[in-house]
Amino acid sequence: MPTVAGVLRDEAVLSFVTRQLTEWWANYEWSAAELSGSRGIILHEDGKTVAAVSFAYDRNDRVADIFIFRNSDKIQRLEEVRIY
C-alpha cells in the first residue's frame, strides 16, 4: 500500500518527487546541494531561495524521508551551501 493517511511510502515517494514536484516547481531554478550533511535541492526564483528539499536515507541508502522547507524564516537562516 503506497499511501496511508497522506503519507507516501515506497516507490510513491520517488514518484512524487520526480513527477509532482518537478511539475509544480517547473519555473524555479533547481540546484543540487548538500544540506545538513545529506543530498538535497535548493529552489530559487528571481535569485531568491524559495524552498529547500532534503532527504534522509536508510541503511541501504534508500530515501526514507523527504523534508520540504518553504517557511521563509527557516529559508532565510540557510547558510551558504555547497552547490554541485
Side-chain angles (χ1 to χ4, degrees):
M1 176 182 305
T3 61
V4 175
V7 175
L8 299 174
R9 301 202 186 281
D10 303 323
E11 61 277 344
V13 174
L14 186 56
S15 176
F16 175 75
V17 171
T18 58
R19 290 194 177 118
Q20 293 302 119
L21 291 185
T22 54
E23 180 181 331
W24 293 339
W25 295 346
N27 294 326
Y28 294 138
E29 177 186 336
W30 291 54
S31 300
E34 185 175 305
L35 299 171
S36 301
S38 187
R39 293 170 274 191
I41 300 165
I42 302 290
L43 299 167
H44 304 275
E45 182 177 46
D46 298 326
K48 181 180 176 186
T49 301
V50 294
V53 182
S54 62
F55 305 93
Y57 299 89
D58 66 14
R59 290 184 220 182
N60 297 315
D61 206 30
R62 295 178 299 197
V63 173
D65 287 306
I66 300 174
F67 306 98
I68 301 173
F69 300 92
R70 292 188 54 96
N71 179 309
S72 60
D73 291 335
K74 289 182 180 182
I75 289 174
Q76 287 177 356
R77 287 184 266 157
L78 279 177
E79 295 181 36
E80 284 293 316
V81 293
R82 185 179 65 161
I83 298 175
Y84 51 92

Open item on the list: Please report the interatomic distance CD(Glu34) to CD1(Ile42), rounded to the nearest 0.5 Å.
Closed with: 11.0 Å

Task: Co-membership, hydrophobic cluster, residues Phe55 and Trp24, 4.5 Å side-chain - done: yes

Task: Heavy-atom pair of closest approach, residues Val50 and Glu45 - done: CG1-CB, 3.9 Å

Open item on the list: Please check: side-chain N/O of Trp30 versus main-chain N/O of Trp25, any donor-acceptor pairing under 3.5 Å?
Closed with: yes

Open item on the list: Can a donor-acceptor pair be found, under 3.5 Å and without considering hydrogens, that links the side chain of Asp58 to the backbone of Asn60?
Closed with: yes

Open item on the list: Under 4.5 Å between side-chain heavy atoms, counting indirect links through other Ile/Leu/Val/Met/Phe/Trp/Tyr residues: same cluster for Ile41 and Ile68 or not?
Closed with: yes

- [ ] Inspect the surroundings of CG in Asn27 and state if more than 12 heavy atoms from other residues, nucleotides or ligands are less than 6.0 Å away.
- [x] no

Task: Closest contact, heavy atoms only, Val53 versus Leu35 - done: O-CD1, 3.6 Å

